[in-house]
*Asks:* 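To start, I am sharing the structure in question, which I have written as structure tokens.
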Amino acid sequence: MLDTDTFRKVFGSFPTPVAIVTALGSDGEPAGFTCNAFSAVSAAPPLLLLCAGKGSRTLSAILSSGAFAMNFVAHRGRDTALAFAGKAQRKFDGVPWRGGLAGVPVLIEDAVAYAGCMLVKTVEAGDHLLLIGRIEESETFAGAAALYQRGEFGRWEPDRRLAVQH
């Protein structure tokens with residue numbers, strides 16, 4: 001069986017997009033964590049999937065409220081993504097946000113896009129839960145997307161030379 005360190009090395013070998021998942025706790029306090037395990041699922045209806053550790057404070061906020069946002073991190077938001085990857089209690093201090101769907105925080109300066117979701121299904125998977133959300137609202141913002149590989153951030157730069165010519 002694959003050990004945890006090798007697992008992390010293998011999956012850290014290729015660049016992944018980065019998102020900050022946000023929710024509101026039952027106390028009305030915002031919660032969030034950095035995530036790179038997510039995917040589009042369906043366009044009709046619009047669904048996405050994310051993986052959340054079972055011990056996550058944000059997961060309990062999502063499960064109690066039934067709502068969350070995927071804030072797809074802009075390259076300019078990489079410091080915020082690092083802060084949300086930690087265990088700090090006050091992650092939102094100094095981070096501009098506004099309330100989106102059901103009041104869930106939308107990170108207006110650190111994202112290239114966001115999707116406000118209602119939770120429709122959970123599936124147990126090892127030490128994580130797979131969450132499927134129905135996208136109820138979304139918005140895009142300017143900027144290059146952040147990518148993460150082997151412990152470092154990069155930015156998405158399309159190779160325009162490969163564009164199909166008509």
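Here the structure is a predicted model, which is why all the values come from computation and not from measurement.
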*Asks:* Run Ile62 and Leu131 through side-chain contact (heavy atoms from CB on, under 4.5 Å) and show every step you take.
*Replies:* CA-CA 9 Å; Ile62 293 169; Leu131 307 178; 4.0 Å; yes
*Asks:* Is Val112 reachable from Val73 through a run of I, L, V, M, F, W or Y residues, each pair having side-chain heavy atoms under 4.5 Å apart?
*Replies:* no
*Asks:* Work out which heavy atom in Ala23 is nearest to a heavy atom in Ala61; give both atom names and the distance.
*Replies:*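 So the two residues come closest at CB-CB, 3.9 Å.
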*Asks:* In this structure, which one of Val95, Thr58, Asp110, Leu107 forms a side chain to side chain contact (heavy atoms under 4.5 Å, CB included) with Ile20?
*Replies:* Leu107
*Asks:* Given the rule that I, L, V, M, F, W and Y join up when any side-chain heavy atoms are under 4.5 Å apart, are Leu49 and Val123 in one cluster?
*Replies:*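 Yes, it is one cluster - the side chains of Leu49 and Val123 are joined through contacts under 4.5 Å.
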*Asks:* Looking only at non-hydrogen atoms, find the nearest pair between Pro105 and Pro30 and report the distance.
*Replies:*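 Where Pro105 meets Pro30 most closely, the heavy atoms are CG-CB, 3.6 Å.
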*Asks:* Mind checking the CG-CH2 spacing from Asn71 to Trp97? Nearest 0.5 Å is all I need.
*Replies:* 11.0 Å
*Asks:* Just verifying a value: how many Å separate Met118 CE and Phe68 CZ, rounded to the nearest 0.5 Å?
*Replies:* 9.5 Å
*Asks:* Going by heavy atoms in the side chains, are Arg150 and Lys9 under 4.5 Å from each other?
*Replies:* no
*Asks:* Could you tell me the separation between the CE atom of Met70 and the CG atom of Leu48, rounded to the nearest 0.5 Å?
*Replies:* 6.0 Å
*Asks:* How far apart are the closest heavy atoms of Arg155 and Ala144, and which atoms are they?
*Replies:* NH2-CB, 3.3 Å
*Asks:* With a 4.5 Å cut-off on side-chain heavy atoms, are Arg90 and Asp93 touching?
*Replies:*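 Yes, at least one pair of side-chain atoms sits under 4.5 Å.
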*Asks:* Not counting sequence neighbours, which residues clear ring-ring contact (aromatic ring centres under 6.0 Å, His included) with Phe153? List them please.
*Replies:*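 Phe153 satisfies ring-ring contact (aromatic ring centres under 6.0 Å, His included) with Tyr148 once adjacent residues are dropped.
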*Asks:* Has the side chain of Glu137 got a donor or acceptor atom that lies under 3.5 Å from a matching backbone atom of Leu101?
*Replies:* yes
*Asks:* Does Tyr114 belong to the same Ile/Leu/Val/Met/Phe/Trp/Tyr cluster as Ile135, with side-chain heavy atoms less than 4.5 Å apart forming each link?
*Replies:*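 Not linked; separate clusters.
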*Asks:* Just do the salt bridge (charged side-chain N to carboxylate O under 4.0 Å, His left out) check on Arg98 and Glu109 with the steps written out, would you?
*Replies:* CA-CA 10 Å; Arg98 66 172 163 80; Glu109 291 185 12; over 6 Å; no
*Asks:* Let me confirm one number: the CZ-OG1 distance from Phe72 to Thr140, rounded to the nearest 0.5 Å.
*Replies:*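 Here the rounded value is 11.5 Å.
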*Asks:* So, the side chain of Lys91 versus the backbone of Gly86: is there a donor-acceptor pair under 3.5 Å, distance only?
*Replies:*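 Pair found, side chain donor or acceptor close to backbone of Gly86.
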*Asks:* Mind checking side-chain contact (heavy atoms from CB on, under 4.5 Å) for Leu47 and listing every partner two or more places apart, or none if nothing turns up?
*Replies:*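 Partners of Leu47 under the side-chain contact (heavy atoms from CB on, under 4.5 Å) test: Val41, Ser42, Pro45, Val120, Ile132, Arg134.
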*Asks:* Taking ring-ring contact (aromatic ring centres under 6.0 Å, His included) as the definition, give me every residue that meets it alongside Phe84, ordered by chain and number, with sequence neighbours left out.
*Replies:* Phe92
*Asks:* To the nearest 0.5 Å, what is the distance between CD (Glu29) and CG (Leu24)?
*Replies:*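 Answer rounded to 0.5 Å: 9.0 Å.
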*Asks:* Between Arg78 (side chain only) and Leu147 (backbone N and O only), is there a donor and an acceptor less than 3.5 Å apart?
*Replies:*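 Here the side-chain-to-backbone pair does not exist.
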*Asks:* Quick one: OG on Ser56 to CG on Leu129, what's the gap to the nearest 0.5 Å?
*Replies:*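 Going from the OG atom of Ser56 to the CG atom of Leu129 covers 10.0 Å.
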*Asks:* Which heavy atom in Asn36 sits nearest to a heavy atom in Pro17, and how many Å separate them?
*Replies:* CB-O, 3.4 Å
*Asks:* What are the two closest non-hydrogen atoms of Ala52 and Leu59, and how far apart are they?
*Replies:* CB-CD1, 4.1 Å
*Asks:* With no hydrogens and no angle check, is any side-chain donor or acceptor of Lys54 less than 3.5 Å from a backbone partner on Gly126?
*Replies:*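 Yes, Lys54 side chain to Gly126 backbone: donor-acceptor pair under 3.5 Å.
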*Asks:* Identify the two heavy atoms, one from Ala85 and one from Thr34, that lie closest to each other, and give their separation to 0.1 Å.
*Replies:* N-OG1, 3.2 Å
